[in-house]
Amino acid sequence: MKKSLLLFTLSAMSSIGFAQSPIFDEEINIENYESKEFVMPPSPLTTQVVFIGGHDIVQTTPTYGNPSGRSIAKEWNDFIGFTPDETANTLGWVSVNHEQIYQDDKIGDGGGMTAFRITKDQDGQIVVVDQDLADGRSGKFFNVDFANTVGETGMNCGGIVGPNGRIWTAEEWFRGSQQDIWKGNFNSADRSDSWNPHNPAPMKEGYGVRDTADFTINAPEFPFVNGMTIKKYENFNYMTEIDPKQAVAIRKQYNWGRAGWEGGSISNDGKFVYLGIDATPAPWVRFEADTPFDFTKGKLTIYNETLPREDRWIPVPESLENTFGGLTNYALTEGATMFVRNEWVTIDRETGIIYWSETGRDSGSSGPGILFNRVKEQGSNSQPASWHNTNAQARGYADAFDEGYQDYYGRVAFYDPSTDEIGVVVNGGPYLDASPTIEEYPSKHLSNPDGLSIITINHEKFLMIQEDLNGTSFGRTPEGISNRLCELYLLSVNARNAEIDDLIRITAIPAGAEITGAIQIDDNTILINSQHPNADNAFPLNHSCTIAIHGFQNVTTGLHGGGIFDDTSLSVYPNPTTREITLSQVSDYAIYDVTGKRIKVLRNTNQADVSDLETGIYFIKNTDNEVIKLIVQ
Amino acid sequence: MRKLLVYIVTIFLFTFCSFISTQHESLSNPTELVTLAFHQNLDELEILVEELNSTAQNYYIEKQDLIDLKGALSNARNSYKKVEFLLDYLDRELSTKYLNGAPLPKVEEHVAKIVIQKPIGLQTLDELIYIDSEKEEIKDIAKTLLKHVRKGKTYLKERNIEDRYIFEAARYGILRVFTLGVTGFDTPGSSNGITESIISFEIIKKTLAYYQSQNNNVVCPLGTKVIRTFDNAIQYMEANNNFDTFNRLIFHKAYISILYRDILLWQKELGIELQTEVDHTNKPHNYMSESIFDLDFLNATYYTQIAQEDLYKEEIISLEKTLFYDPILSKDLKMSCASCHNPNQGFTDELPKSRTSNSSGTTKRHSPTLLNSAYYGQYFWDMREYDLVRQVKHVVHDNLEFNIDFLDLADRLKTSEDYLALFKNAYGERDKYQISPWSISNSIAAYVTSLSSWNSPFDEYMKGNSKDLSESAKRGFNLFMGKAACGTCHFAPSFSGIVPPFYQDSESEVLGVTMTFDTIHPVLDTDLGRISNGRVRDQVDFFSRSFKTATVRNAAITPPYMHNGSLNTLQELMHFYNKGGGAGLGLNVPHQTLSDNPLNLTNTEMTDIISFMESLTDTVGMTSVVTELPGFRNNEKWNDRKIGY
């Protein structure tokens, strides 16, 4: 008692402190304060782990001479496909991409995918149901068989959820040679001394693909390549359709060409497929089906923003060169508009508008300005997307060809099929060159949007934007203001040239997790993949896993944060969904626990993430010694 | 009585310090003053890098000579030292990637394509200007550097500087001076490490002094002590400004350790919020640790990705050791983890390469010690695995090692009632994964993590708990951290490749290791190491023959050395380094990261370094072996298996 009194007296004295950076008492006597009370209601959102990569057991087909059996699912969950069950017996089938390029005797080498069928129990929790597949496999989780169908895949990143729940997986891992796919030492002067394509190394844990023998294409639907024998590496980097119900691959889309595919989306009428390539510069690609929903025949086109509307989609002639690796090169010689790493693509099924993330690229010798310029020097008429010039000019460059031009943050862009226009939904950032003073510094940052999909909450549609931070330099993640974590943001689909502050942060995810693959499966639930979460979470939340977030039906208020303050004294608006509080003033704050011990200090903000506070009573104090009580439920 | 005294002293401390604070109200506060000075120093840096750039351009067209260039570099570097401690804290990526990173190429992150980024920045220039004199490269790098300085300045000037940042940055700055400054890491060419460290200390001192007092009438005792320690440290460096003879042991004991501790105490005393109150993410090292040689300085959970509760749960601890010593994990029950990681041999074996489970031939590489092996970002000599838990799988599946399907292994353990009970106690609440590849791996990884060896005679001496360290070992430490340049790859305090002051990155090195210890007719080892680990992003030229920078701790009890066990004794090891590695022996070793210049160490000096390494042994409490193994009721013959094997 005496000690705390003494401490209180001492700290009260020290709290007089410096004018602009007040130092908060380490302990306060809470009985001394008559505090206004605010309640943070329980979050309407709950989480449930559904599938753990690297731990759950998948049923396998006969592979590499091994009988069918079981193996441990691959890791690094990325894209999630969802195929609704039309019979309504269950919810549907989930297919999860694995980015990890691992050797596996039973699943097959390279990347992978796991498929399973789900339903909900009476409490609304997801249950993975038992299935018997046509190929004789029985169980809950199944690896999608690539090795025995269309050939192994590499780094399954994004994908396409088609209009009828048809699913494609995107092979991002662009490979340029046999050594590139083998567990060998490519790019090395002395690679020859250990690389031997006909004598694969014995089974060990490792990466890459061991079977590098030439590959004969068996795809009658593509007569121009059917029966051809190609180098094994040339059979990587396609959009690959799978059947999530039978957990087998259907076809590699040889007719869309080989590229570092990231994502795609298909129009409602089954006529157009929009495709994202992860490259700098990357073209914006569209496939036009001759017959709706048959994507084996049709026309591949690339976009040129500068041409009159009717000419904007330039056809790519069918040629072996364009199929086996030349798509991006062809596009750039034909004047395709240039983008900086196109990633995921999604569609608003009501308006038909396409959204995609152009993720941006970090600095160094490969800055976008330098790379755009390299294309120009080769005599191409290709221009960067117009917003790159706008952004470059805003930063004092003549245009985006300037070698100083960088695109650290990327953006979310849209394409409107009714006008054939493209534009910016939200630019990442902020770029500080034109940014406000420290006092007005935004509390959020958007850097490198990657995963992208659409969610409807109470009839309101939002883009779910998932970050994948490329870097932290040049003001991207200011210490104390933002953090180095990848966030999951919501943004109205109607937003155009939005402000960063319009983003709504969702914190109902494991701490430190990099979120990807978010997809809504019904009114109440989304599935997300959590990659590389941090070790503070207990198993399985410290592993790469597929998680359901339930409760979106109950999100009736407060999604937009904010709150209106009519009182001049300190008050707080708790947002139960985002687990953030908004305070009535931008100031410095300290949060105390129920014993009066200081547990958090916030500087120069009016927002705080309190998702880590356990239920209980807390006190928030500002620099004017005003104290309010926050009850976290 | 004594307690009361402490209280009275405390009252005085607080009274004085808070009194000063009150005085500040009418004046500018420290953060404003620090910000102002930081901005002025950034402006100065820009001007001096402009001069460096113009000198480099003139040097290229032979209008200015090398002396001018060295002068301009020195001015720019000294100016960088004035902003470094805050800049590196505020934008770590800016400093390591663009302004002053190590002169090593890197692979661009976050793009699927392999793009090699050449090293740029002041450290690279230090090496190029003093050693290689590549005119064109110097010119280009100077130009790029200027661009990055300008851009960085724009962003940094927008940053808000808080009291907390200043104290934290100061402590990282102290660590940097000790590990990268006075060791010469930062100045590979000019060897100006001590001169630059003086500048670093001057600026940190000046910055913290704003918190001491602005009018010299009132004093804050702890603050005064810190400032006085800085003054003494600077005097010491000025008086002993000779890179080869500088006494780093005394420097640490008398100044570094005091400053590192006292700045934290001062921060607490001022009531400035601590890192732990603001940032809840898992960090490589523990900010609250008072000494770099403390047991808890490095944070095992950061490296191992094993949740805290799993590391210290009693039921898991009792299981993990059993698994480690049980040959039931291998297909024919012929091998346990301890077969190659013997507790009586420092958790390694004495063989150059280990015996295999099928009793023919050897494994590909030497079995490394497990002591402190958890504290690394990547595992295995070739760095092929990022996750210690997943590391277990490699051993289980390897046909030379456990040679068993992991799911079959889990099924095997499920047939033992003893194991069922042990796993139920340990992982009962995670029923689906109770006996699974995950729980087996997690337990073994937790055991490896428990092999934390930070209490050697050297540590005890450095912490002041013991005065018992031989003069030879003391001299050896100074050589290790100075003339012999060991400490520029085997960084303190782990003396391995985790890079201070943030301990986030883990390095590998190309040494040009030979097949055997034969300095007359050396033959380069054929193992390509990291480049052939199968990881896409590691498959670049400069990782050919690159191997993990192993810890030097416990080296005395873990011979032989190197990935192939080719060096049998610490004497052979020292000779190999003294000659400049493989390249120094005349072999063609592209991208050797070890300098091929001989170190010119005398026999006595090498003996001293060995004495120092011998003082780094600590296996206390880690070598006990389980006395019995779980039984298998349905398979009696398994019950005869040997513990450890």
Side-chain angles (χ1 to χ4, degrees), chain A residues 6 10-11 13-14 16-21 23 26 55 57 70 72 172-174 183-190 194 202-208 260 278 362 364-366 404 432-433 435 438 470-475 478-480 512 534-539 542 599-601 603-604 612, chain B residues 7 14 17-18 21-22 24-25 29-31 90-91 93-94 97 108 110 112-115 117-118 147 151 154-155 158-160 162-163 165 270-273 277-278 280-282 301 305-307 309 393-394 397-399 406-407 430 433 436-438 528 531-532 534-536 539-541 544:
Chain A
L6 179 72
L10 294 173
S11 51
M13 288 168 72
S14 65
I16 299 164
F18 313 118
Q20 288 189 350
S21 288
I23 287 165
E26 286 163 272
H55 296 291
I57 294 168
R70 57 181 185 166
I72 298 168
E172 182 204 12
W173 193 50
F174 197 77
K183 169 190 147 57
N185 48 310
F186 43 84
N187 293 331
S188 158
D190 45 9
S194 70
M203 179 57 197
K204 280 209 175 117
E205 285 307 307
Y207 302 80
D278 185 354
D362 229 52
S365 53
S366 42
L432 290 177
D433 300 42
S435 107
I438 285 164
N470 276 354
T472 57
S473 50
F474 301 119
E479 195 89 40
N534 78 42
D536 294 345
N537 307 310
F539 179 85
N542 59 353
I599 55 166
K600 251 180 198 252
V601 175
R603 298 281 182 194
N604 189 38
D612 60 324
Chain B
Y7 278 153
F14 272 93
C17 294
S18 56
S21 310
T22 321
H24 282 187
E25 236 173 347
N29 65 60
T31 51
L90 293 171
D91 195 339
E93 197 171 273
L94 175 66
K97 218 163 153 182
E108 185 180 348
H110 300 282
K113 215 174 150 189
I114 304 289
V115 179
Q117 294 182 320
K118 283 188 185 167
K147 198 173 77 183
K151 196 187 295 164
T154 313
Y155 287 96
E158 295 284 342
R159 296 291 300 276
N160 198 7
E162 295 172 7
D163 300 301
Y165 300 177
L270 288 171
I272 295 170
E273 64 270 23
E277 287 175 81
V278 181
H280 297 273
T281 56
N282 209 358
T301 58
Q305 295 279 300
I306 302 173
E309 60 179 62
K393 191 166 84 161
H394 293 246
H397 281 177
D398 195 316
N399 45 14
F406 217 149
L407 291 169
R430 288 166 279 201
Y433 306 96
S436 67
W438 170 72
L528 294 176
I531 195 176
S532 61
R535 293 195 80 90
V536 177
Q539 304 194 347
V540 284
D541 291 8
S544 181

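All chains are named by letter (A, B, ...) in the order of the sequence lines, taking the proteins before the strands, and each is independently numbered beginning at 1. Keep in mind that this is a model prediction, so the values were computed, not measured.
Side-chain contact between A/R603 and B/N160: absent, with no pair of heavy atoms (C-beta onward) separated by less than 4.5 Å.
Nearest heavy-atom pair across A/V601 and B/V278 is O-CG2, 3.7 Å. Closest of all the heavy-atom pairs between A/I72 and B/P437 is CD1-CG, 3.4 Å. Contact between A/I23 and B/L270 at its shortest, heavy atoms only, is CG2-O, 3.2 Å.
In this structure, chain A has heavy atoms under 4.5 Å from both the backbone and the side chain of B/E273.
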